[in-house]
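Worksheet: one structure, shown below.
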Amino acid sequence: MTTIASEYGNENNSVPIEHRFNPYSDNGGTVLGIAGEDFAILAGDTRIVSGYNIDSRYEPKVFDVGDNIVMTANGFAADGAALIDRFKSAFKWYKFDNNNKKLTIQSAARYIQHLLYGKRFFPFYVSTLIAGLDEEGKGAVYSYDPVGSYEREQCRAGGAAASLIMPFLDNQVNFKNQFEPGSDGRVKKPLRYLSLEEVLALVRDAFTSATERHIQVGDGLEVLIVTKDGIKKVYYPLKRD
Amino acid sequence: MAGLSFDNYQRNQYICAKGHAQPKATSTGTTIVGCKFNGGVVIAADTRATAGNIVADKNCEKLHRLAPRIWCAGAGTAADTEMVTQLIALNLELHGMWNDRQPRVITALTMLKQHLFKYQGHLGAYLICAGVDPTGAHLMSVQAHGSTDIGEYQSLGSGSLAAMAVLETKWKPNMTRDEAVLLCAEAIESGIWNDLGSGSNVDVCVMEVGKDAELLRNYLTPNVRAPKERSYKFPRGTTAILRESIREIVDVEETVIEFNKPEAMEVDA
Amino acid sequence: MNGISVDINHLKKGEVSLGTSIMAVTYKDGVILGADSRTTTGTYIANRVTDKLTQIHDTIYCCRSGSAADTQAVADIVKYYLQMHASQLPPGETPTTKVAASVFQEICYTNKDGLTAGIICAGYDKKNKGSVYSIPIGGSIHQQEYAIAGSGSTFIYGWCDKNYKRDMERDECITFIKTALSEAIKWDGSSGGVVRMVLLTEKGVERLIFYPDEYQA
């Protein structure tokens, strides 16, 4: 018995009809965090999309969540906002219950793991990043998967254009695939901390480049810079097409 | 065998059923428009080509020539618009030669619609077809399934709603050439800014009765990339050379051979 | 096989459809065809000034409903057949409406798996004067004194049945069609725009157009 390709109904049925409500959507955008020696930054574009539409050209998605920690959750915007709300609320209770004790970034990081894993079977559809300074005053960036697996890193890109930006960061921050000239590929380029100016330049180039090649990235770039003196916010316009 | 080959159709259906994704074709996102004016017609397009969410080409050409004075703006599957347009351009040329006449826009449109209808929408070509011929200036559109529309102004593609919003508010009858060009460019720009599938530059083609068609490539370039903050030049030697082998693929040897070089010619006996 | 089930209810993805209100009515001098002017792709109005009244021969027209691509293709083929047929006729004679309608029926019936086309064919010829043929989706043919079709027609069956009169005067018939289509457009979301009419009589073809501010009044 053979099937005939032209048998009608065959083609229509190959695309299943969806009957169930789908609670998730993709609101695009991209985020990026880099840790320096005595600072850390979290950057994100300010565009919100649905399908081929722009829902907003300026919707901030990197937030100061208190105690010199900045946080972003990129992907499904509603889940991102909900996650950050939950963290902020928990943060308030932590301060209230513990005589205003400072929340270290390690503790914040571990708590966010629990927030995410708490919804293991109905996850927050987001890539989460937090940044701040550790107990030695060194820059720290933590990154998460949607269900709470996390890691401290020197740098991480998340969201729509993560796959475009991450290789660039590997090469420019961690000097991957770069060797000392004349060493014939035997000596890796030695790692060093980048200055804030260098990091800002890299971030801007990463975002202007992602804007060129990813349709969901653009409009504006907002960067939150964490130093021992507090959090500074800077904004750069991006292309709007 | 003439026409398209469907040899791999069943095999591909089987592969898809096994959970493998179909290859992405570039691309559906586009804004194209057309508008008539006193003594001619103008069409315009953006220049972004996408494959999914990635920009495949930042400055592609979506304005195609069917005949010297008949041009066509294409939305939908890039390959289909390209091929269908080339095929009809060829047949129009032959048709024109056979009948010893200038090709007409309605002829191009009929050829396009009959070809597209035959393929029942599987050729994803959405075209705005315009031009001038011995019967005047014309503007029409064809959809992938083979239906056609006629109108004073048209828009197609994912940005067609953004463009139509501009056309519906600013179009007026009996426009001049310059007014029409400006209106079309503005409609395309609306697509560029508000539709993610459209972007980069504006291409325009003006066809005036009794004149050669004029293609204004990159008529507007509102999206020039800002210079980069840093230089990404690597010092020579950054990339390790692990192995090196240089081969001479062709040996060039030159030997001059002279055949019985004539002696000083004897002139007289 | 458990009974015949053909999925005629929907168009291929992204296909342009004529969610339509169309009708044709015989009257004293001949026949009048009427149609709205809306073409849709999903919820988007792809064309708000469509001409769904298509000429098949000098005084034979058709109203198209269903898939725009299918009905245009069919109309083009019938038009071609009728040109060939007319050239074989004795001088001075023209094809009858019945011939045109039968060609429509033949094509719609033999290609019923692949077509979404609901057509009303109407015309004027010396022998039969005005006549109307309805060719609905399966490819059957029905001669009628008047015919209504398309998604908007469902709302006006009762009204038309009550108000239709044989051998109406020209103005009376125009008002009949205008009122009927106005109601169809009012209640059917996929019909709209202007009301177009074509009058087919001994004198030839006359085209009329009515804008919303008039027919809605």
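From a predicted model like this one, the values you see are computed outputs, not experimental measurements. A, B, ... follow the sequence lines: proteins, then strands. Residue 1 opens every chain.
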Under 4.5 Å from any heavy atom of chain B, what part of [X] do you find: side chain, backbone, both or neither?
{"X": "A:F168", "value": "side chain"}
{"X": "A:S183", "value": "neither"}
{"X": "A:R47", "value": "side chain"}
{"X": "A:N177", "value": "backbone"}
{"X": "A:D219", "value": "neither"}
{"X": "A:L200", "value": "neither"}
{"X": "A:E180", "value": "backbone"}

Using the ring of each side chain (for Trp, its six-membered ring), is A:Y24 parallel, tilted or perpendicular to A:F76, with breaks at 30° and 60°?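 Plane angle over 60°, so perpendicular.
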Under 30°, 30 to 60°, or over 60°: which ring-plane class applies to A:Y58 and A:Y235, parallel, tilted or perpendicular?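 The arrangement is perpendicular - the two ring planes meet at more than 60°.
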Proximity breakdown for B:D57 and chain A, heavy-atom pairs closer than 4.5 Å: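 The backbone, not the side chain.
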Which bit of B:R236 comes within less than 4.5 Å of chain A, counting heavy atoms only: side chain, backbone, both or neither?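 Answer is backbone: N, CA, C or O of B:R236 sit under 4.5 Å from chain A.
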Going by atom types alone, do B:T30 and B:K62 pair a side-chain donor with an acceptor below 3.5 Å?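 Indeed, the side chains of B:T30 and B:K62 share at least one donor-acceptor pair under 3.5 Å.
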Salt bridge B:R217-B:D203, side-chain N to carboxylate O under 4.0 Å: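 B:D203 and B:R217: salt-bridged.
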For the pair A:R192 and A:E198, find out whether any cationic side-chain nitrogen is under 4.0 Å from an anionic carboxylate oxygen.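 The answer is yes: the pair qualifies as a salt bridge.
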Taking the side chain from A:N27 and the backbone from A:V49, do they hold a donor-acceptor pair closer than 3.5 Å?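 It does hold such a pair.
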When only pairs under 4.5 Å are counted, which of A:K189, A:R186, A:R204, A:E212 shares the most heavy-atom pairs with chain B?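 The answer is A:E212.
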Mark yes or no: A:K119 above the aromatic ring of A:F122, with NZ or CZ under 6.0 Å from the six-membered ring centre and no more than 45 degrees from the axis.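 Yes, a cation-pi geometry holds between A:K119 and A:F122.
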